[in-house]
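Contents: one structure, followed by commentary.
Each chain gets a letter, A, B and so on, in the order its sequence line appears, and its residues count up from 1.
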2 protein chains.
Amino acid sequence: MGFIDTARGILGEAHVLTGPDASGYGRDFMGKYVAAPLCVLRPGSTAEVSTLLAAANDSRTPIVPISGNTGLSGGTYAEGAAMLSLARMNQIRDIREDARIAIVEAGVVLSVLHEAVQAKGLNFPLTFGARGSAMIGGALSTNAGGSNVLRYGNARALCLGLEVVLASGEVVDLMSELHKDNSGYDLRDLMIGAEGTLGVITAAVLKLVPLPRAYATAMVAVPALGDALGLLNRLQEATGGMVEAFEFMPGSYIDAHLAHFPDARPPFDARHDINLMIEIGATAPRDTTPGPDGRVPLASHLEAVLEEELAAGRVLDAVIAQNQAQRAEMWARREATAEVSLARAPQINNDIAVPLDKVETFLERMRQILPTVDPGADDTCVAHLGDGNIHYIVYPSSDEAALQDRLMERVEDVVAELGGSFSAEHGIGLTKLPSMRRRKNAAALRAMQAIKAALDPNGIMNPGKTLP
Amino acid sequence: MGFIDTARGILGEAHVLTGPDASGYGRDFMGKYVAAPLCVLRPGSTAEVSTLLAAANDSRTPIVPISGNTGLSGGTYAEGAAMLSLARMNQIRDIREDARIAIVEAGVVLSVLHEAVQAKGLNFPLTFGARGSAMIGGALSTNAGGSNVLRYGNARALCLGLEVVLASGEVVDLMSELHKDNSGYDLRDLMIGAEGTLGVITAAVLKLVPLPRAYATAMVAVPALGDALGLLNRLQEATGGMVEAFEFMPGSYIDAHLAHFPDARPPFDARHDINLMIEIGATAPRDTTPGPDGRVPLASHLEAVLEEELAAGRVLDAVIAQNQAQRAEMWARREATAEVSLARAPQINNDIAVPLDKVETFLERMRQILPTVDPGADDTCVAHLGDGNIHYIVYPSSDEAALQDRLMERVEDVVAELGGSFSAEHGIGLTKLPSMRRRKNAAALRAMQAIKAALDPNGIMNPGKTLP
């Protein structure tokens, strides 16, 4: 009996898709990777995942897990493989307010969880543009980041416990709610960010935080990126670490945004090279109780720091959102990145990280190097500046593969010289495999390969991804 | 040529100790484990560690890493093994203030690092009683916790990058300074908490935080532990997450403390069952600039919350430290735990964690169960209550091993029923091996053993520890 028949025996006919029913799953979010999967499995429980993986392991059938299909690195490319969709495992099992945890299945959509916990005055602060489709399982498997990492950490930092099914079908129960649990090797963090190559994440215990009662959001122009890091540090001290977002958009991105959205307004009267979007969030009544003028004290804290910096010449211009509509406009400008940057082709999208104090150096070096490799090339970026994470986009003069490879290698060279990483928050998948081969510490790669062989000896879990 | 001669060839005579010179290393902090090591190796560089491990691997010589020798679980027991001391690798290589990182070698003593970064207005917030001897390498290998985990996380959360030498001698360079770095499996977190069984940590990149400019510290008595969790959540909201320590001491601990230190003063005029030590720290001038009365606003925030809770009957008594001497007295009471509890024998020290909202349930169940197992037994505890971490100490009526095993098993039963862990922050070492065997998820144990075999095929790294 073939694997598809075995799977039908486990899940029933309705939950094993083949042919045209399966083909939609074979196309990734960006339309960059298109594959013909063997079939799509839609289990409804951890027990079913376990039985399916044991059967796949016996028959050496490759398994590619998929949840919201919003990955940016081709991590769910599944030519000839059985795709395992977590979409039916979408229960929020429990929200415990006093303990500030949510217990969820892997198929819970991020924005669904946001709404459920916000109704209780709490927040699950992992957020990014694709939150309306992205699911917890994929977010953990990618160790997703986004715009609030600065304050709350990435997916890894927000996960207390995990349930994972290994290639053998064994269920590793690490569903700890504990803030301290030193009982052997940290399998949880090993599975987070492993992109489904070591097992399938089926459930998680997530940390919740108090939902800010008020936000202060501003667009700020500064003379140089070095001033931006100083501003971040002063804001963190002045507010006691309340900075939720500290995002950088160069003038070139603002230009492209205005060109793409004819109704959009520029952030300032004058054009600036270094534009920051800053958001501060507070829970404490002393910061969030509106005064006689209707303004919250939080906004005054932000204003006071910005005024000092303006006076010192370290800030050129600043606009604080006066209402929710103005705040939404600031966020919309920032979150339009994918749409704005994808509108122009060909392009090379580098999701890189450098030390916090090296972002300026990176961009300066690229400005010098780019014309030497491709005189017709152009670049732009947006950056989670508070994390040193730059989405650095190069528009080469042609779609010649060799030219694009040369450009990527030069970006990697500069990143490596600065002690950075060629992959910050989008994962390796297929897209970054050449970079892993070229750039990752060789001893680390050998150790990863040894771990992969130990936990998935038949190599059925998301084969060909993450590790060269 | 034997291993000792090989090691002398690598390090020179002076740095390979044997016989009486080595025997001091064979005795652990508590005097519970005493062993005769083969020798003690004192390398001065990562390259020397690498060469030593390669030689040990070739000759199948067991290696037991040791740094400050302050472990509480027998993790450095080294009968017949070569102990590898990190003490000479004690350089603080760099402190980068704007990027808020310190780059250190494994042998840096925790309190030495504290002083170095505090001189620059920053803090490395990992702290516990043994900070004057404990070293970074051991703190990371144990994933140490302590009193500030609530706000800043444990050792794992404070480590950005790591350098590890594997059994083969290969140097895995993960010395990332990055806040986001998704490039393959999370080897850093795998090595943190592995207690030297997967490799030797030789250096680390650590996160620094702004040093609070002011603290508000209080002793608070509440009617029940349930009220304590509510108080913690209200304080976090009122201050915006500034609670640094939230420690619980039962009346029985206060009694024992007073008996042990005749000059000590009780925290309150009346005796209370539920005593909390709470500390809040702030960096923002609006919280830390003294008013006309010389008091900092931070103290008023704490006072305001405590007054509301007093009025509502959820707090029975409260004393806020009025000066540094009173603050020091509160900390001294809390940090005397080891001395106070070790003064009475026999004892069973359980370092356990339960969900935040289950601490009260755990202690109530033990109060019922203890007399049924050993009518003459007595208990006490101190707890990092904000982390659900209880140092639960049982004084059995005799030192009969079978009785002590039964008591430990019953503690573990209750912990397991509540979804807790038998090991919170002290590690497994030798002491908790029976608990690992009995209690850890079997599939997780098998996965750990597979990883151990993959990375240390000859089993030379700290053999017999952590994994049954």
message: Only pairs of heavy atoms separated by less than 4.5 Å count here; which of B/Val209, B/Leu445, B/Asn389, B/Asn154 has the most with chain A?
response: B/Asn389

- prompt: Can you say whether B/Ser168 sits under 4.5 Å from chain A via the side chain, the backbone, both, or neither, judging by heavy atoms?
  reply: neither

message: Checking the side chain of A/Glu177 only, and the main-chain atoms of A/Leu160 only, is there a donor and an acceptor separated by less than 3.5 Å?
response: no

- prompt: Which atoms of A/Leu174 come close to chain B, meaning under 4.5 Å heavy atom to heavy atom: side chain ones, backbone ones, both, or neither?
  reply: side chain

- request: Determine, for B/Arg100 against A/Glu237, whether the closest basic-nitrogen to carboxylate-oxygen distance falls under 4.0 angstrom.
  value: yes

field: Side chain / backbone / both / neither for A/Asn441 at chain B, heavy atoms under 4.5 Å
entry: side chain

query: By a 4.5 Å heavy-atom criterion (distance strictly below it), what part of A/Ala282 contacts chain B: side chain, backbone, both, or neither?
result: neither

field: Centroid separation B/His391 to B/His426 less than 6.0 Å
entry: yes

- prompt: Relative to chain B, which segment of A/Thr466 carries a heavy atom at a distance below 4.5 Å: side chain, backbone, both, or neither?
  reply: side chain

- prompt: By a 4.5 Å heavy-atom criterion (distance strictly below it), what part of B/Arg439 contacts chain A: side chain, backbone, both, or neither?
  reply: neither

field: Contact class of A/Lys358 relative to chain B, heavy atoms under 4.5 angstrom
entry: side chain

- request: Could you check which of B/Thr288, B/Leu150, B/Asp351, B/Val172 has the highest count of heavy-atom pairs closer than 4.5 Å to chain A?
  value: B/Val172

Electrostatic pair B/Lys465-B/Glu195, nearest N-O below 4.0 angstrom: no

message: Heavy-atom cut-off 4.5 Å, strictly under: side chain, backbone, both or neither for A/Arg234 against chain B?
response: neither

message: Please identify, among B/Leu356, B/Ile428, B/Asp181, the residue contributing the most non-hydrogen atom pairs under 4.5 Å to chain A.
response: B/Asp181

message: Between A/Leu166 and chain B, with a heavy-atom cut-off of 4.5 Å, which part of the residue counts as in contact: side chain, backbone, both or neither?
response: side chain

Region of A/Val171 in contact with chain B, defined by heavy-atom distances below 4.5 Å: backbone

- request: Counting only heavy atoms closer than 4.5 Å, note whether A/Pro355 contacts chain B via side chain, backbone, both or neither.
  value: both

